[in-house]
Amino acid sequence: MSISGWKNLDGKWYSGLDGRMKTKFILTLCVALLPLGLICTAPAAGTKGTDEQAVRDADAAWSKAAGAKDLDKTVSFYADDAIVLPPNEAAVTSKDGIRNLWKGFIDSVTDITWKATRVEMAKSGDMACLTGTYEMTMKDGTKDHGKYCEVWEKKGGTWKCGTDIWNSDLPAAPASSPAPGTAEKK
């Protein structure tokens with residue numbers, strides 16, 4: 001058989017794939033490879049549950065360290081670039097500032113505990129948002145309870161708190177009025 005036998009009647013080389021067949025082939029190939037792409041980019045099976053438990057465990061260990069008044073251990077749960085948003089105070093953004101905040105806080109309480117009630121994991125698997133409740137007793141006997149929110153980040157395989165905020169469920173103390181005759185002059 002001569003080479004001319006491999007040509008179509010119109011004289012063009014026969015590829016076996018006309019325009020419509022090429023489109024079907026490419027579409028079928030893409031559909032077949034899509035699950036493989038999703039599997040390769042998804043976190044490993046069971047990772048979400050494992051990471052969620054790791055964050056819950058870290059938060060529980062953090063509460064235990066604060067309750068034991070272990071300042072170094074308490075501060076160690078924060079990321080290097082953490083921000084702490086304490087109630088009725090300015091944001092604290094440095095490691096030394098966070099350490100000083102906790103030192104004053106630990107010195108003023110007799111008991112503190114907190115427990116996560118909800119953990120939301122990012123699809124990426126490297127961030128989690130915890131919300132929960134806390135209880136504490138101050139040295140003067142005052143008791144407080146409230147809620148907190150923490151954003152945890154997975155850095156180098158270790159979970160660290162990057163953002164920490166809490167506030168009381170108790171009503172705010174009424175603002176004191178200035179004594180008569182001491183109002184600010186404008």
Closest approach of [X] and [Y], non-hydrogen atoms and distance?
X: A128; Y: V55; value: CB-CG2, 4.1 Å
X: L101; Y: V84; value: CD2-CG1, 3.6 Å
X: G132; Y: T117; value: CA-OG1, 3.5 Å
X: E150; Y: C161; value: CB-SG, 4.0 Å
X: A116; Y: R56; value: O-NH1, 3.8 Å
X: P87; Y: W166; value: CD-NE1, 3.3 Å

What is the distance from atom [atom1] of [X] to atom [atom2] of [Y], rounded to the nearest 0.5 Å?
X: D80; Y: S94; atom1: CG; atom2: OG; value: 11.5 Å
X: D111; Y: K139; atom1: CG; atom2: NZ; value: 12.5 Å
X: H145; Y: D169; atom1: NE2; atom2: CG; value: 6.0 Å
X: S168; Y: M136; atom1: OG; atom2: CE; value: 7.0 Å

- Query: Any donor and acceptor pair, going by atom type alone, linking the side chain of T137 with main-chain N or O of T110 inside 3.5 Å?
  - Reply: no
- Task: Using modelled atom types only, decide if a donor and an acceptor are shared between the side chain of K160 and the backbone of S76 within a distance under 3.5 Å.
- Result: yes
Between [X] and [Y], is any pair of side-chain heavy atoms under 4.5 Å apart?
X: D59; Y: W159; result: no
X: T131; Y: K147; result: no
X: W102; Y: L71; result: yes

- Message: Counting only heavy atoms from other residues, nucleotides and ligands, does the tally under 6.0 Å from NZ of K103 exceed 12?
- Response: no
- Item | Among Y148, Y78, W152, the one residue meeting side-chain hydrogen bond (donor to acceptor under 3.5 Å, both in side chains) with D164 | Y78
- Message: Closer than 4.0 angstrom, basic N to acidic O: yes or no for D107 and K69?
- Response: no
- R99 vs D72, salt bridge (charged side-chain N to carboxylate O under 4.0 Å, His left out): CA-CA, chis, key distance, verdict: CA-CA 8 Å; R99 182 177 183 74; D72 292 332; 2.7 Å; yes
Same cluster or not: [X] versus [Y], using hydrophobic residues (I, L, V, M, F, W, Y) connected whenever any side-chain heavy atoms lie under 4.5 Å apart?
X: V109; Y: V75; result: yes
X: I98; Y: F105; result: yes
X: I106; Y: M138; result: yes

- Result for side chain to side chain contact (heavy atoms under 4.5 Å, CB included) between M127 and one of M121, K154, E153 points to E153
- What's the verdict on side-chain contact (heavy atoms from CB on, under 4.5 Å) for T74 and W62, showing C-alpha distance, side-chain angles and the deciding distance? CA-CA 6 Å; T74 300; W62 189 14; 3.5 Å; yes
- Ignoring hydrogens and angles, state whether a donor on the side chain of D140 or T142 is under 3.5 Å from an acceptor on the partner side chain. yes
